[in-house]
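Here is the naming used below: chain letters follow the sequence lines, and residue numbers restart at 1 for every chain.
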Amino acid sequence: MAAPVGPVKFWKPGTEGPGVSVSEERQSPAESSSISVIYNPYASLSIEQQRQKLPIFKLRNHILYLVENYQTLVLIGETGCGKSTQIPQYLAEAGWAAEGRVVGVTQPRRVAAVSIAGRVADERGAVLGHEVGYCIRFDDCTDSQATRIKFLTDGMLVREMMADPLLTRYSVLMLDEAHERTLYTDIAIGLLRKIQKKRGDLRLIVASATLDAEKFKNFFNQNDTGDPSKDTSVILTVEGRTFPVDIFYIQSPVPDYVKSTVETAMKIHQMENDGDILAFLTGQEEVETVVSMLIEQARALSRTGMKKHLRVLPMYAGLPSPEQMKVFERVSHNVRKVVVATNVAETSITVRGIVFVIDCGFVKLRAYNPKTAIECLVVVPVSKASANQRAGRAGRNRSGKCYRLYTEEDFEKLPKSTVPEMQRSNLAPVILQLKALGIDNVLRFPFLSPPPAQSMVQALELLYALGVPSCKGGFCFRHSVLGSLSKLGTRTFTVAQKHVARMNSQPKPPGEMEREGLDMHCRLTEPLGMRIAEFPLNPMFAKMLLESGNFGCSQEILTIAAMMQIQNIFVIPPNQKSQAARRHRKFAVEEGDHLTMLNVYEAFVKHSKSSQWCQEHFLNYKGLVRASVVREQLKKLLVRFKVPKKSSEGDPDPVLRCIVSGFFANAAKFHSTGAYRTIRDDQELHIHPTSVLYAEKPPRWVVYNEVIQTAKYYMRDVTAVESAWLLELAPHFYQQVAVQDQHKAQTHLSLTAKRAKVGDQ
DNA sequence: TGGAAGTTA
């Protein structure tokens with residue numbers, strides 16, 4: 001009996017698929033260690049000859065001319081054209097890196113910065129770290145004297161501006177992958193526009209794969225004369241070296257794309273010749289479901305005597321790395337590989353040999369609700385740009401096919417590109433960074449895509465509560481916030497007006513203002529605000545760290561802060577769930593997740609940071625190593641700020657109180673309804689199933705690091721606290737109120753937030 | 001009962 005072939009029906013539109021393919025210069029370390037053999041027609045040529053074969057080589061002089069004559073060049077470089085590796089070399093060869101100047105290239109991801117730098121160093125016969133270098137967090141591989149071409153993450157570029165606001169060392173900066181519109185790329189874009197106004201000699205190349213070029217060009221164009229010949233920015237398109245991808249759409253919408261993915265993969269396997277399959281889904285759970293369904297069907301098919309076998313592999317960021325590496329392994333000729341992946345395979349990881357792509361048409365994205373200050377993950381339709389990027393994964397080595405599990409009509413309805421991260425994030429860290437760079441009036445910052453005004457207000461409010469900026473200063477706040485917001489519409493204006501009125505109604509005693517270092521001009525406060533901004537962390541973590549000396553537990557808090565930056569410390573293999581849970585339970589303490597993580601780390605250190613020990617206890621070894629690196633970095637900052645090195649010697653109370661001093665705004669109380677409610681917004685919350693407090697006797701009061709919304713609102717990283725601590729450590733935020741108990745006709749004391757809700761109208 | 005993917009001297 002043949003394995004079931006699903007009812008999925010595709011038709012091919014008359015047009016050929018978009019000829020997109022993956023940039024050949026982006027190789028993750030994982031990929032370069034892969035053993036798959038790729039036919040390279042130019043392998044016998046010298047490096048110089050290979051460079052000249054790249055599509056971009058023909059435009060070398062044209063590019064140099066445009067960089068010479070325009071402040072900003074927007075480069076539509078199709079993948080595979082060689083822009084990331086070649087342009088910096090052209091610039092250096094043309095003298096842009098002479099006299100101690102540097103050509104900088106930014107990347108959204110660390111691995112890309114490192115691997116492209118390595119490639120360029122190879123091409124130039126240079127030792128990595130001399131003429132060509134890279135700089136990412138924890139790894140500065142540059143020589144301040146010798147480095148002429150520097151690759152760095154865009155987050156690192158923003159950090160560099162703190163030390164050198166005009167980036168004086170750089171003659172040219174290339175922002176690569178700008179179309180991805182990550183948070184840091186967008187911050188860098190706004191800052192660079194400001195820098196260009198002060199530094200006419202700084203050249204900018206904005207490299208983008210899609211057609212956002214006009215937007216970039218207009219944003220950077222400083223010509224306000226209306227005469228196009230005076231434009232300061234210009235667009236250039238470079239063709240890529242690509243293979244065509246045929247696109248197939250489904251005839252009528254499918255009710256269940258998970259099932260359809262399985263059916264389509266099986267159909268490809270039975271009908272098509274050689275070539276591996278890559279399927280895009282939205283999350284880990286879907287990936288695992290499809291993997292197990294495919295394995296089952298492939299087994300059934302093998303029993304019927306089909307000679308070609310299927311090797312089904314999951315791929316998502318949370319997958320332990322030995323499992324991830326399997327997708328790069330070569331398979332024998334009678335085996336077809338199916339990689340079932342999340343969006344990680346769209347930009348970050350490139351699997352070679354993919355000929356068939358299955359696109360479910362959806363993606364899981366972060367969304368931010370400025371009203372409740374809660375970030376959540378939502379499954380939404382992909383954008384056209386994303387869908388084309390996915391399709392391009394099939395055309396890397398030879399022509400391929402992409403099966404879209406939606407109709408062509410639905411494709412036409414998709415948004416052109418994904419909403420920039422800036423418009424769907426919590427802005428507190430962004431605003432903090434901008435303020436640290438001396439941008440006091442963040443509402444007038446030149447955002448390429450301005451975030452919602454309410455997100456701004458929410459972020460300012462949190463920063464104020466932490467004692468960071470002096471947004472309570474009255475006139476100044478009215479001027480800077482209201483002045484700018486009023487242009488954005490009446491509703492926003494009303495929100496901000498209420499906000500300011502409330503702030504002004506709560507004057508602070510002078511002593512307190514000094515203690516928090518408030519500044520009447522809405523600048524970052526000295527020293528607290530500036531210090532908080534120096535930490536590469538969410539401001540709540542930074543505040544907690546800076547307070548840790550006062551609680552006599554900086555050692556413990558350093559560990560906790562570092563551990564909280566790492567995801568998936570507990571490893572749970574699907575086939576050893578109960579065994580893993582048993583091991584994990586040994587670390588759990590009744591106080592909650594923070595102290596549990598402290599236990600894990602201390603045990604890790606006690607066992608000499610052994611990977612063997614981690615494996616036995618189902619702990620993420622790489623994650624723990626990373627935590628210890630982060631801890632070292634944070635420790636250096638505490639030393640610099642003269643926070644005393646102290647340990648509470650096993651006493652949990654100082655540690656818990658210190659956590660409250662940073663996370664007091666995230667407090668919730670357990671109600672008789674069986675759920676928690678936030679104190680500030682009365683928002684219903686639940687303990688996340690990954691918390692050690694899940695399914696335990698719920699503590700009456702808790703603080704949490706963050707809330708994520710899936711089926712319900714879940715608190716992650718939860719710790720039990722006492723209400724008295726909240727009142728004592730955040731008296732400006734909470735007050736005690738008498739509450740009438742409905743059932744017992746008694747009153748008892750409870751807490752409410754002093755601040756009213758923003759935008760509650 | 002369940003988080004996508006990134007990032008910070």
Side-chain angles (χ1 to χ4, degrees), chain A residues 28 106-113 135-142 144 152-164 177 180-188 280-289 315-319 341-349 362-367 375-380 382 386 389 418 421 424-425 429-430 432-433 436-437 532-539 541-542 565-568 570 572 574 577 581 626 629-630 632-634 636-637 640 686-691 693-695 705-717:
Chain A
S28 67
T106 71
Q107 293 291 330
R109 282 167 292 278
R110 295 157 52 94
V111 280
C135 187
I136 60 176
R137 189 188 185 191
F138 303 129
D139 193 0
D140 179 0
C141 186
T142 62
S144 58
L152 66 169
T153 52
D154 39 25
M156 186 59 82
L157 183 72
V158 174
R159 280 274 148 182
E160 280 192 3
M161 292 185 204
M162 281 196 184
D164 181 7
E177 314 286 354
E180 285 186 26
R181 303 294 305 277
T182 66
L183 202 53
Y184 281 103
T185 308
D186 269 21
I187 296 172
F280 284 99
L281 291 158
T282 71
Q284 180 179 334
E285 198 186 334
E286 284 174 9
V287 167
E288 295 292 358
T289 307
M315 184 73 203
Y316 46 87
L319 197 68
T342 62
N343 235 20
V344 72
E346 194 180 302
T347 50
S348 301
I349 283 172
F362 289 89
V363 64
K364 203 179 275 188
L365 281 182
R366 177 159 63 191
E375 280 184 333
C376 57
L377 289 167
V378 286
V379 174
V380 293
V382 290
S386 229
Q389 177 78 11
T418 311
E421 213 180 353
R424 46 188 177 85
S425 297
V430 176
L432 190 63
Q433 291 243 307
L437 289 162
I532 286 181
E534 290 256 352
F535 282 90
L537 298 176
N538 175 308
F541 280 109
Q565 310 310 312
I566 313 299
Q567 292 164 3
N568 311 317
F570 289 138
I572 305 168
K577 273 184 185 168
R626 193 166 155 75
V629 176
V630 172
E632 281 309 301
Q633 187 196 8
L634 299 177
K636 281 183 195 154
L637 282 164
R640 177 138 67 88
H686 299 266
I687 289 178
H688 195 275
T690 55
S691 169
L693 295 177
Y694 180 78
N705 285 6
E706 58 177 357
V707 172
I708 61 146
Q709 184 192 356
T710 48
K712 291 173 178 174
Y713 287 94
Y714 287 106
M715 299 179 274
R716 276 177 59 95
D717 299 323

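- Residue contacts for A/Q633: at a heavy-atom cut-off of 4.0 Å it reaches the sugar-phosphate backbone alone, with no base atom in range.
- One atom, CD of A/E160, and another, C1' of B/dT7, lie 15 Å apart when rounded to the nearest Å.
- Applying the ring-ring contact (aromatic ring centres under 6.0 Å, His included) criterion to A/Y316, with sequence neighbours excluded, gives no partner residue.
- The side chain of A/R716 places no N or O atom within less than 4.0 Å of a non-bridging phosphate oxygen (OP1 or OP2) of B/dG2.
- Candidate nucleotides B/dT7, B/dA5, B/dT1 were compared by shortest atom distance to the side chain of A/V344, and B/dA5 ranks first.
- Under 4.0 angstrom from either OP1 or OP2 of B/dT1 there lies no side-chain N or O belonging to A/T690.
- Counting only N and O atoms by type, the side chains of A/E346 and A/S386 include a donor and acceptor under 3.5 Å apart.
- Of the candidates B/dT7, B/dG2, B/dA5, the closest approach to any side-chain atom of A/T153 belongs to B/dT7.
- Counting only distance, with no hydrogens or angles, the side chain of A/R424 and the backbone of A/R366 share a donor-acceptor pair below 3.5 Å.
- The CD-P distance, from A/Q107 to B/dT8, rounds to 13 Å in whole Å.
- If you take CD of A/Q284 and P of B/dT1, they are 18 Å apart, rounded to a whole angstrom.
- The shortest distance between the side-chain N/O atoms of A/T342 and the OP1/OP2 oxygens of B/dA5 is below 4.0 Å.
- Applying the 3.5 Å distance criterion, the base of B/dT8 shares a donor-acceptor pair with the side chain of A/Y184.
- Using a 4.0 Å heavy-atom distance criterion, A/R366 is classed as a base contact.
- Set against B/dA5, B/dA4, B/dT8, the side chain of A/P536 has B/dT8 as its closest nucleotide.
- Within 4.0 Å (heavy atoms only), A/F535 reaches no atom of the nucleic acid at all.
- The A/Y316 side chain lies nearest to B/dA5 when the options are B/dG2, B/dT7, B/dA5.
- Looking at the side chain of A/E421, the nearest of the listed nucleotides B/dG6, B/dT1, B/dG2 is B/dG6.
- Between A/I566 atom CD1 and B/dA5 atom P the separation is 16 Å, expressed in whole Å.
- Take A/Y184 and apply the ring-ring contact (aromatic ring centres under 6.0 Å, His included) test, not counting sequence neighbours, and it matches no residue.
- At whole-Å resolution of the value, CG in A/L693 and P in B/dT1 are 17 Å apart.
- With rounding to the nearest 0.5 Å, the separation of CD1 in A/I572 from NZ in A/K577 is 8.0 Å.
- Atom-to-atom, CG of A/L365 to P of B/dA4 comes out at 12 Å; the value is rounded to the nearest Å.
- In this structure, A/R109 atom CZ and B/dA5 atom C1' are separated by 8 Å, rounded to whole Å.
- Whole-Å rounding puts the A/E534 CD to B/dT8 P distance at 16 Å.
- Residues A/T282 and A/Q433 each lie close to DNA chain B; by heavy-atom proximity, the contact nearer the 5' end of the strand is made by A/T282.
- Ion pairing between a basic and an acidic side chain is recognised when a charged N comes within 4.0 Å of a carboxylate O; A/E180 and A/R109 show such pairing.
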